[in-house]
**Q** 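Sharing a structure below in structure tokens format, with a few things to ask.
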Amino acid sequence: MEDCTGNEDGNYLSDRDFFDGLDTSSDLCSGTSKDPSSCKVITKESLLAAQTEDLRRVMDMLSLREHHARTLLIYYRWDMEKLFAVLVEKGEACLFAKAGLTMDGNHDPDSQPPPTVMCNICVEDVRGWTGHFVVKINEGQSKRIRCMAHKCYAICDEAIVRNLVSKTHPDLAEKFDRILLESYIEDNKMVKWCPSTPHCGNAIRVEEDELCEVECSCGLQFCFSCLAEAHSPCSCLMWELWTKKCLDANVDWIAVHTVPCPKCHKAVDKNGGCNHMSCICGAYFCWLCGEDLNRNHTGNSCGRYKEDRKKKTNLAKRDLERYKHYHSHYKAHTDSFNHESKLKETLKREVVNLEKKDLSIRDFSWVRNGLYRLLRSRRVLSYSYPFAFMMFGDDLFKDEMTVKDREIKQHLFEDQQQQFEAHVEKLSSFMYERFDQIAEDKVMEIRRQVINLSMITDNLCRKMYECIENDLLGSLQFGIHNIAPYHSKGIEKATKLSVCYPNVNDTQKHHWSNNHTNDATESDLPHSGSSDKRDCSSRKRGRKRKLAVA
């Protein structure tokens, strides 16, 4: 079965991979943003620093110890906005109570648990607690181990858990610490593992909106929301349904080798010599004419041509033809993208040849920018066809639009799409010109055309997105089909998070490993300092609030 998701490997190549070596003196329609990236790559080495940033904010604001701050953040799934909202609306007492933190003025936040500890809740020897902790860690409850006393909902102090478990089960103590560290990724809606295969070991953190498309440092571009390939302007659900449709149906094979069932209208293929077919829906019909064998079919009339046969199979044929139309256009643009992406080396050679000539043109950044704009536009065009298939079909929005409304919206979108497509094709034709083999005046004219078309296609693409967001999806009642916004400079490439471990000594470090990485690294969280890359020095803070948990 043919691949429906880009190149031979099933993924588009990175937008940014085509421009190394070309002139970058101008950022007109450039694919490389000079602004600092708002999304960060978190490696196994920088995971600790990333977690510490959020911990430090809560510690400083509420004057808490580190493990208490982590208990709060784990409970609120590292959602700082939600945590602050509860604090403002309901106060600290409610904030702490919900997370399982209890106030105790007699607890010294800097003290270490003594060799023999008595539980203040149930007044039992600590050996019973060790067994409780071991069981909970093995059950996968490391992030929130509750007190085992009846009707006590306090979260156990992670320092005490670590201290007791490490004496008899050091491997479980390491697992406990690792799970606490990885909670920053596993439970955080703003941080996700890169979906690369094989896995690169990176996670990506976004700063503002999880509905976006990002590029990992490994080169993979993906939708941050659903972790599929970058698919804007399709919503995540639209893309999921489209890929399923592609996997379930081979268009050419269906058109040649199947007939629609007269009852359920699904495509049915013949696996034997008999022309009397049985569909899984229970229908029993004739392969040759499509008539129901239980009703109107007679062998004498089967071979006669009838005008009304087209009416009886019209629905299934319409659906099939509609899918073939959108799939063929989608595939045509993905194929064009793959062909045009190979222009990089050709254009580099042509630019080198032009630079050797005594021409009045000295700046060839328009070549680079034109190719970038062409590739960006091709990707958007290809995904616009699955969007249209889902938007104007009967699968998703049949009950949210009248037939008339759907026709109006479809015409509006197709007008935008066709204008965009026409200018993309013009830009493509100019990019295939042999710049180094034509006269200078022709080169100047092509330069003017490429610059103009680059700006026009960028503007038309933006308008098509505005049409989708405002006139199409924005008018729907439920509003669940949101799309990643259009960025002229392309999918944002995440930059690596700076690593800074203030005041960390060897005793505060241990190995961590998981299914995503095979190497070991430092991970135990420091109890002081900041990972802010602008100031990695430790800060003086007032005495922490006295908190105690079982």
Side-chain angles (χ1 to χ4, degrees), residues 44 47-52 54-56 58-59 64-75 78 96 99-102 104 107-122 124-149 152-187 501-514 520-529 544-550:
K44 59 183 181 294
L47 176 56
L48 173 58
Q51 189 185 81
T52 304
D54 285 356
L55 287 170
R56 194 60 56 193
V58 175
M59 292 166 65
L64 297 177
R65 289 183 63 188
E66 185 175 277
H67 67 268
H68 294 133
R70 182 157 42 245
T71 298
L72 282 175
L73 285 167
I74 287 176
Y75 177 79
W78 299 88
F96 296 150
L101 296 179
T102 57
D104 185 350
H107 182 71
D108 183 357
D110 297 319
S111 65
Q112 295 295 322
T116 301
V117 182
M118 298 299 292
C119 173
N120 292 328
I121 297 177
C122 57
E124 289 183 356
D125 189 89
V126 78
R127 284 188 294 273
W129 282 106
T130 301
H132 174 67
F133 297 152
V134 168
V135 169
K136 293 301 180 182
I137 294 173
N138 282 324
E139 289 179 349
Q141 300 183 34
S142 298
K143 289 180 286 190
R144 291 181 55 79
I145 300 180
R146 292 190 180 276
C147 174
M148 65 180 180
C152 180
Y153 303 105
I155 302 300
C156 297
D157 190 315
E158 69 182 52
I160 296 177
V161 175
R162 184 182 300 110
N163 179 270
L164 295 179
V165 174
S166 62
K167 294 178 180 179
T168 56
H169 298 78
D171 56 330
L172 286 183
E174 287 196 7
K175 179 181 179 181
F176 173 74
D177 280 332
R178 185 179 70 245
I179 292 175
L180 289 180
L181 181 64
E182 292 172 357
S183 168
Y184 184 76
I185 298 176
E186 302 291 350
D187 302 328
Y501 299 109
N503 298 342
V504 178
N505 55 50
D506 291 338
T507 62
Q508 293 177 304
K509 304 172 182 178
H510 68 80
H511 295 296
W512 76 286
S513 61
N514 54 32
T521 185
E522 303 164 353
S523 63
D524 201 10
L525 292 174
H527 293 282
S528 62
K544 301 304 178 190
R545 183 184 310 278
K546 294 182 178 180
L547 287 169
V549 292

**Q** Report the residues that fulfil ring pair (Phe, Tyr, Trp, His ring centres under 6.0 Å) with Phe176, sequence neighbours left out, ordered by chain and then residue number.
**A**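 Not a single residue meets the ring pair (Phe, Tyr, Trp, His ring centres under 6.0 Å) criterion with Phe176.
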**Q** Looking at CG of Leu172 and CG of Asp177, how far apart are the two atoms once the value is rounded to the nearest 0.5 Å?
**A** 11.5 Å
**Q** Mind listing the closest non-hydrogen atom pair of Cys156 and Phe133 along with its distance?
**A**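 That closest heavy-atom pairing would be SG-CE2, 3.7 Å.
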**Q** Could you pull out the closest heavy-atom pair between Arg65 and Met59, with the gap in Å?
**A** O-CG, 4.1 Å
**Q** Between the main-chain N or O of Ser183 and the side-chain N or O of Gln51, is there a donor-acceptor pair closer than 3.5 Å?
**A** no
**Q** What's the spacing between Tyr184 OH and Leu48 CG if we round to 0.5 Å?
**A**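 One gets 11.0 Å once the value is rounded to the nearest 0.5 Å.
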**Q** Begin from the C-alpha positions of Trp129 and Val161 and carry the test side chain to side chain contact (heavy atoms under 4.5 Å, CB included) through to its verdict.
**A** CA-CA 9 Å; Trp129 282 106; Val161 175; over 6 Å; no
**Q** Quick one: do Ile145 and Ile137 satisfy side chain to side chain contact (heavy atoms under 4.5 Å, CB included)? Show the steps, please.
**A** CA-CA 8 Å; Ile145 300 180; Ile137 294 173; 4.0 Å; yes
**Q** At what distance, to the nearest 0.5 angstrom, does CD of Glu186 lie from CG of Leu181?
**A** 10.5 Å
**Q** Without swapping roles, check the side chain of Asn163 against the backbone of Ala159 for a donor-acceptor pair under 3.5 Å.
**A**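 Checked: no pair found.
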**Q** Do His169 and Asn138 come within less than 4.5 Å of each other through their side chains, counting heavy atoms only?
**A** no
**Q** Identify the heavy atoms of Thr168 and Thr130 that sit nearest to each other, and give their distance.
**A** OG1-CG2, 3.8 Å
**Q** Starting at CG of Leu72, measure out to NE2 of His67 and round the result to the nearest 0.5 Å.
**A**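 Here the interatomic distance stands at 10.5 Å.
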**Q** With sequence neighbours left out, write down each residue that passes side chain to side chain contact (heavy atoms under 4.5 Å, CB included) with Arg144, or none if nothing qualifies.
**A**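 Per chain and number, Arg144 pairs via side chain to side chain contact (heavy atoms under 4.5 Å, CB included) with Thr71, Ile74, Tyr75, Arg146, Ile155.
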**Q** Which heavy-atom pair separates Leu55 from Ala69 by the least distance, and what is that distance?
**A** CD2-C, 3.9 Å
**Q** Tell me the closest heavy-atom pair linking His68 and Asp157, and the distance in Å.
**A**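 Of all heavy-atom pairs spanning His68 and Asp157, the closest is NE2-OD2, 4.5 Å.
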